[in-house]
Amino acid sequence: MKNPKRLTVAQRKYLESMKINSENWLISKCTSDEWELVHRYTGQVKVVPAP
């Protein structure tokens, strides 16, 4: 897995609109149809649809 990166402001706003706490998530993979998020502390992986 690639090193997860911090979210941009636009990504944070999108995740907040989906009721996901953006402070606890990092983005590891960003494709045109989905994002792969990794939890900052537990390492849990979550896939969400891209806007």
What are the two closest non-hydrogen atoms of A50 and T31, and how far apart are they?
-> CB-O, 4.0 Å
Begin from the C-alpha positions of K5 and L26 and carry the test side-chain contact (heavy atoms from CB on, under 4.5 Å) through to its verdict.
-> CA-CA 6 Å; K5 306 293 182 195; L26 301 170; over 6 Å; no
With sequence neighbours excluded, tell me which residues meet side-chain contact (heavy atoms from CB on, under 4.5 Å) with K13.
-> V9
Sorted by chain and residue number, the side chain to side chain donor-acceptor pair (under 3.5 Å) partners of S32 (sequence neighbours excluded) come out as none
All heavy atoms of L7 vs all of W25, minimum pair found to be CD1-O, 3.6 Å
Neighbour count above 12 (heavy atom, 6.0 Å) for R40 CZ = yes
Residues K46, V48; criterion side-chain contact (heavy atoms from CB on, under 4.5 Å); working and verdict | CA-CA 6 Å; K46 182 182 288 193; V48 296; 4.1 Å; yes
Output, in order, the C-alpha distance, side-chain angles, deciding distance and verdict of side-chain contact (heavy atoms from CB on, under 4.5 Å) for Q11 and I27.
-> CA-CA 9 Å; Q11 290 169 337; I27 193 157; 3.8 Å; yes
Is there a donor-acceptor pair closer than 3.5 Å between any side-chain N or O of S28 and the backbone N or O of L37?
-> no
Donor-acceptor contacts, no H, no angles, side chain residues 14-21, under 3.5 Å, sequence neighbours left out:
unit_1 : atom_1 : unit_2 : atom_2 : d
Y14    : OH     : P49    : O      : 2.7
E16    : OE2    : S22    : N      : 3.2
E16    : OE2    : S22    : OG     : 2.9
S17    : OG     : Y14    : O      : 2.5
N21    : OD1    : E23    : N      : 3.2

V38 and Q44, any side-chain heavy atoms less than 4.5 Å apart = no
Over all heavy atoms of both residues, which pair between V47 and E34 is shortest? Give the atoms and the distance, please.
-> CG1-OE1, 3.4 Å
